[in-house]
Visitor: 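Dumping the structure here so I can ask a few things about it.
Numbering of ligands and ligand atoms starts at 1, following listing order.
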Amino acid sequence: MNKPEISVVIPVYNEEAGLTALFTRLYPALDSLGLTYEVIFINDGSRDRSAAMLAEQWRARPDATCVVLLNGNYGQHMAILAGFEHTRGDIVITLDADLQNPPEEIGKLVAKMREGHDYVGTFRLKRRDSLFRRKASAAMNQLRERITRIRMADQGCMLRVYSRRIIDIINLCGEINTFIPALAYTFAQNPVEIEVSHEERFAGQSKYSLYSLIRLNFDLVTGFSVVPLQWLSFVGVVLASGSAALFILLLVRRFIIGAEVQGVFTLFAITFFLLGVIIFALGLLGEYIGRIYQKVRARPRYLVRALLQQRDNRAEHSR
Ligand code: UDP
Ligand code: MG
């Protein structure tokens, strides 16, 4: 198989209920574009039948399919990074396996790329997620925009298209806990965002718990900016000035009014508040130190258990 024009990268984690529907919609949608393509599925350590179903699909369409089987669950973004290393197309598309973003929209994105952009992001006008999820996303979006310079209308929408150049840079980065749309955005020269439709999850449940969403957002903030560290210094300066003023006030009162024993509980409150600030600061520092630690340790980012790829593909791949 020659080098395809587009590569589609899809991470899969326990998606057995929806995979068949994905195959039956994705391949015809890509065929109708009239371009050569490859689809790269990454099985992110699924514990259900997903891996077997992907292998079956590989046997059905070996010319246009590649399956990377990871040996554990590394998370959506690591899985996509693993997929990126196997892409060969000039245009690389990421897509979720749950059919929330219709594969039929890919043509629209590719057409936008052809207008000279190197990054086509997407946003969902009518988002089909719970109210809580939407509100939380909106709040995080605002915080992220303030802290990092990354402008994205909708960070949760993974249907995005990147140029070969951006993918090559990402492959060089060796990032660990990252957020692909933001990482790609930092390298883009001419990014654009367009609207796409959004559907309910076809089957199964969201793989993100509240906890993993919070983790993801921490990665997004600490992985792309050191502004929070500067904020810490700022908070430190404000608190120190505040307590200096309080100290002077108490000193003056001591001379004017005499010894006072009131306000012991206020003192407790202030102390506990400050303890909270300190622990928060330690945690934030820890986030950065943890990132440094992971980087310094330099273990393989992920392990591939097996790779299903056509033989002549592979020969070309080790060029
Ligand atoms: N996913 C993954 N590894 C994980 C969690 C999710 O590969 O640890 C994949 C999942 O199979 C899906 C995509 O990432 O293709 C997005 O997951 P999901 O639809 O659950 O996220 P949501 O739409 O709720 O943000
Ligand atoms: Mg989804």
Visitor: Side-chain contact, heavy-atom cut-off 4.5 Å: Arg144 with Arg146?
Guide: no

Visitor: Is the side chain of Ser225 donor-acceptor paired with the backbone N or O of Thr148 at a distance under 3.5 Å, no angle test?
Guide: no

Visitor: Can you tell me which residues line ligand 1 if we count any heavy atom under 4.0 angstrom from one of its atoms, in chain and number order?
Guide: Pro11, Val12, Tyr13, Glu15, Asp44, Asn73, Gly75, Gln76, Asp96, Ala97, Asp98, Gln100, Arg133, Arg201, Ser206, Lys207, Tyr208

Visitor: For the pair Tyr37 and Val110, evaluate side chain to side chain contact (heavy atoms under 4.5 Å, CB included) and give the outcome as yes or no after the intermediate values.
Guide: CA-CA 12 Å; Tyr37 65 89; Val110 172; over 6 Å; no

Visitor: I need the full list of side chain to side chain donor-acceptor pair (under 3.5 Å) pairs touching residues 270-288, with sequence neighbours left out, sorted by first then second residue.
Guide: none

Visitor: Restricting to under 2.8 Å, identify the protein N, O or S atoms around the Mg ion (ligand 2) as residue plus atom.
Guide: Asp98 OD2, Gln100 OE1

Visitor: With sequence neighbours excluded, tell me which residues meet salt bridge (charged side-chain N to carboxylate O under 4.0 Å, His left out) with Glu56.
Guide: Arg49

Visitor: For His77, run the ring-ring contact (aromatic ring centres under 6.0 Å, His included) check against Phe84, Tyr13, Phe179, Tyr302 and tell me which one passes.
Guide: Phe179

Visitor: When you measure from the side chain of Glu104 to the backbone N and O of Ala29, does any donor-acceptor pair fall under 3.5 Å?
Guide: no

Visitor: Assess whether atom CZ of Phe218 is packed by more than 12 heavy atoms of other residues, nucleotides or ligands within 6.0 Å.
Guide: no

Visitor: Treating Thr87 as the side-chain partner and Gly83 as the backbone partner, does any N or O pair qualify as donor plus acceptor under 3.5 Å?
Guide: no

